[in-house]
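First comes the structure, then the notes that go with it.
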Amino acid sequence: MCDKTSDRRMPITSGDLFGSDAPANDPGAETKPRGDRPLADRLRPRILDEVVGQDHLVGPDGALTRMLARGSLASLILWGPPGVGKTTIARLLAARAGLHFVQLSAVFSGVADLKKAFDEAARRRRLGEGTLLFVDEIHRFNRAQQDGFLPVVEEGTVTLIGATTENPSFEINGALLSRCRVYVLKPLTEDQIVELLGRALTDTERGLGSLHLVASREALRKIAAYSSGDARNAYNVLEVAAALSEEQKSEPQKSGGQELKDIPSADGSLARPATAPTRITEATIQEALQKRVLLYDKSGEEHYNIISALHKSVRNSDPDAALYWLARMLEAGEDPLYIARRLVRMAVEDIGLAEPNALALSMAARDAVDFLGMPEGNLALAEAVVYLSVAPKSNALYTAYSAVQRDVEETAAEPVPLHLRNAPTSLMKGLGYGKNYQYAHDTEAKVADMQCLPESLGDRVYYRPTSEGAEKRIRERLEEIKRLKQPAANRTSDPPSKRTTASTEKESES
């Protein structure tokens with residue numbers, strides 16, 4: 001049962017390489033210096049009240065807080081980006097619920113590890129102790145491995161908490177998903193990360209307070225902006241910047257911006273070091289960053305989210321947004337040829353014949369990337385993105401082909417009309433192949449009044465050009481073709497006809 005009145009600390013055992021409590025079989029667990037542990041690990045929240053940014057789950061009226069208050073903890077899937085507290089929350093839930101904490105990573109664990117964890121959980125259950133099994137990156141287990149959780153979850157052998165950065169709807173087995181509650185964790189805001197970094201600089205027990213470091217709010221905000229909502233990454237950058245600042249103590253320090261004195265520590269007090277402080281400058285932070293860590297996974301959901309944003313920005317004729325999403329993908333290491341292929345698709349899907357050059361320019365951009373390589377090919381893709389964004393838009397071709405696909409799938413596969421068939425042999429001619437075929441070039445307007453669709457689809461109109469760009473001229477041309485196909489007596493403004501009444505049959509090679 002859960003403790004409804006206090007945040008109890010329970011013994012936790014874990015295979016977590018970054019866990020704050022080492023496994024019992026680690027001979028160096030008691031002697032390992034605190035400084036050897038990463039700053040992000042040392043500053044893990046010790047109680048749920050210290051968790052930042054997830055009040056909708058662990059705040060006073062949070063979903064998980066209410067669950068604990070009811071005295072039970074269901075199996076959960078925690079879905080959110082890296083560095084927002086999934087592992088920490090799982091550990092703290094185990095402590096509050098009085099459950100033995102066991103952690104596995106789907107990256108390094110297999111069937112044997114799962115069986116061992118299940119067997120040990122069953123043994124503990126017989127002794128009256130519950131088990132919370134935390135599986136990091138649970139989406140990496142295949143369907144069969146995920147099925148293995150079903151009996152132990154149903155029987156209550158374990159309380160399962162799975163963590164994933166991917167959409168559970170696509171990556172988690174439906175049977176397992178139906179037995180778990182899914183909770184979404186939010187990326188941390190820049191202000192929340194600045195708050196955490198401020199705590200780290202003033203915390204003398206677990207943070208960097210003993211180093212007497214100060215930083216401007218602007219400098220900390222730079223780290224926050226570069227971390228893309230990932231607190232772990234922000235802590236790592238701050239720790240590197242602190243080490244660099246220590247090495248640069250002898251160099252003259254330049255101040256800038258508002259100092260840390262405006263950033264209160266966890267208890268609301270202001271920590272002012274007794275000795276001269278060492279300033280962490282923006283230049284030092286830039287050196288620590290080296291390369292921005294972008295929230296992007298080339299095989300994950302964010303990959304599809306960003307390419308979707310790029311496509312929709314182009315479709316909405318917004319070149320600025322399109323350039324931004326293009327850069328987000330390229331700077332995160334996306335394959336430029338993948339982007340080039342998507343641009344070709346945009347050209348034919350959203351622009352089509354409203355601007356026929358869009359396809360040619362997209363193909364040219366693809367060739368330029370292939371020829372130049374990267375990063376020189378970036379500008380070729382940028383040129384194509386802007387051109388597609390400002391080009392007139394039409395989805396008439398896309399709509400037409402979709403309608404054709406439906407008819408192909410839903411109607412009978414009728415034979416080709418006899419007059420459209422080639423007749424290279426006398427037998428085929430005798431069977432009526434090519435009979436009554438009208439050779440368009442023998443007509444004055446080069447348009448024959450001849451049905452080319454199967455009989456049951458004769459009234460279909462698939463392609464309906466818009467009034468955008470070149471399609472306006474195409475629409476006018478189609479109207480003219482329709483007029484020319486009408487009998488001469490029914491035409492309006494029909495020029496004098498000089499056609500022969502007899503049509504000459506021509507044989508055309510298929």
Side-chain angles (χ1 to χ4, degrees), residues 167 169-171 174 299 301 303-318 322 325 335 337-366 384-385 387-389 391-422 433-434 437-438 440 447-485 508-510:
N167 190 327
S169 301
F170 303 134
E171 303 295 340
S299 62
E301 184 186 16
H303 160 84
Y304 297 105
N305 287 342
I306 294 183
I307 192 62
S308 175
L310 172 59
H311 193 155
K312 290 170 182 174
S313 298
V314 167
R315 179 182 294 151
N316 200 46
S317 301
D318 189 335
W325 295 118
D335 178 5
L337 288 177
Y338 166 77
I339 299 175
R341 288 193 296 272
R342 297 299 301 179
L343 294 180
V344 171
R345 173 67 184 188
M346 296 174 205
V348 296
E349 178 180 335
D350 293 297
I351 296 168
L353 290 172
E355 176 48 87
N357 288 329
L359 176 57
L361 190 83
S362 298
M363 295 299 294
R366 189 278 313 266
V385 159
Y387 189 90
L388 296 181
S389 296
K393 303 297 188 297
S394 170
N395 69 342
L397 275 177
Y398 176 78
T399 303
Y401 194 78
S402 298
V404 170
Q405 280 183 308
R406 285 194 298 273
D407 276 350
V408 168
E409 294 170 359
E410 298 172 4
T411 63
E414 294 188 49
V416 175
L418 287 174
H419 65 278
L420 295 180
R421 300 187 191 186
N422 194 28
Y433 283 33
Y437 169 67
Q438 301 175 56
V447 177
D449 181 16
M450 179 177 59
Q451 177 60 259
C452 295
L453 279 169
E455 184 176 354
S456 66
L457 301 175
D459 61 346
R460 290 289 200 276
V461 177
Y462 294 115
Y463 179 52
R464 301 178 184 272
T466 68
S467 298
E468 299 297 322
E471 275 198 333
K472 181 178 181 181
R473 298 192 300 274
I474 294 174
R475 189 180 68 174
E476 293 169 354
R477 172 60 179 162
L478 283 176
E479 290 172 352
E480 173 68 6
I481 290 171
K482 182 179 179 181
R483 188 186 65 81
L484 291 171
K485 285 184 176 182
S508 61
E509 294 298 327
S510 299

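By the 4.5 Å heavy-atom criterion applied to side chains, Gln451 and Leu453 are counted as neighbours. Side-chain contact between Val348 and Leu397: absent, with no pair of heavy atoms (C-beta onward) separated by less than 4.5 Å. The side-chain heavy atoms of Lys393 and Ser317, taken from C-beta on, include a pair separated by under 4.5 Å. Residues Tyr462 and Asp407 have side chains in contact (heavy-atom distance under 4.5 Å, counting atoms from C-beta outward). Side-chain contact check for Pro415 versus Arg421: some heavy-atom pair is nearer than 4.5 Å. Side-chain atoms of Arg464 and Thr399, non-hydrogen and from C-beta on, never get closer than 4.5 Å to each other. Considering only heavy atoms from C-beta on, Asp318 stays 4.5 Å or farther from Ser389 through its side chain. The side-chain heavy atoms of Ile474 and Tyr463, taken from C-beta on, include a pair separated by under 4.5 Å.
With sequence neighbours left out, the side-chain hydrogen bond (donor to acceptor under 3.5 Å, both in side chains) criterion links Tyr401 to no other residue. Taking the salt bridge (Lys or Arg N to Asp or Glu O under 4.0 Å) definition, one finds that Glu480 meets it with Arg483, sequence neighbours left out.
The list of salt bridge (charged side-chain N to carboxylate O under 4.0 Å, His left out) pairs with a residue in residues 348-360, not counting sequence neighbours, reads Arg315-Glu349, Arg315-Asp350, Arg345-Glu349.
With rounding to the nearest 0.5 Å, the separation of CG in Leu343 from OH in Tyr387 is 14.0 Å. Put simply, CD1 on Ile306 and CD1 on Ile339 are 10.0 Å apart, with the number rounded to the nearest 0.5 Å. A distance of 11.5 Å separates CD1 of Ile351 from CG of Asn395, quoted to the nearest 0.5 Å.
Few gaps surround CZ on Arg460; more than 12 heavy atoms of other groups in view lie less than 6.0 Å from it.
Across all non-hydrogen atoms, the minimal contact from Ala470 to Pro356 is CB-CD, 4.0 Å. For the pair Asp449 and Gln438, the tightest heavy-atom approach, listed with the atom from each and the gap, is O-NE2, 3.0 Å. Of all the heavy atoms in Ala354 and Glu471, the pair that sits closest is N-CG, 3.6 Å.
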Next on the checklist: What verdict does the side-chain contact (heavy atoms from CB on, under 4.5 Å) test give for Val404 and Val408, after you've listed the backbone C-alpha separation in whole Å, the side-chain angles of each residue and the deciding distance to 0.1 Å?
Outcome noted: CA-CA 6 Å; Val404 170; Val408 168; 4.1 Å; yes
Item to check | Evaluation steps, side-chain contact (heavy atoms from CB on, under 4.5 Å), between Val344 and Met363 | outcome: CA-CA 7 Å; Val344 171; Met363 295 299 294; 3.7 Å; yes
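Glu468 and Ser394 share no side-chain donor-acceptor pair at under 3.5 Å. Using modelled atom types, one finds a donor on one side chain and an acceptor on the other under 3.5 Å when comparing Ser467 with Arg475.
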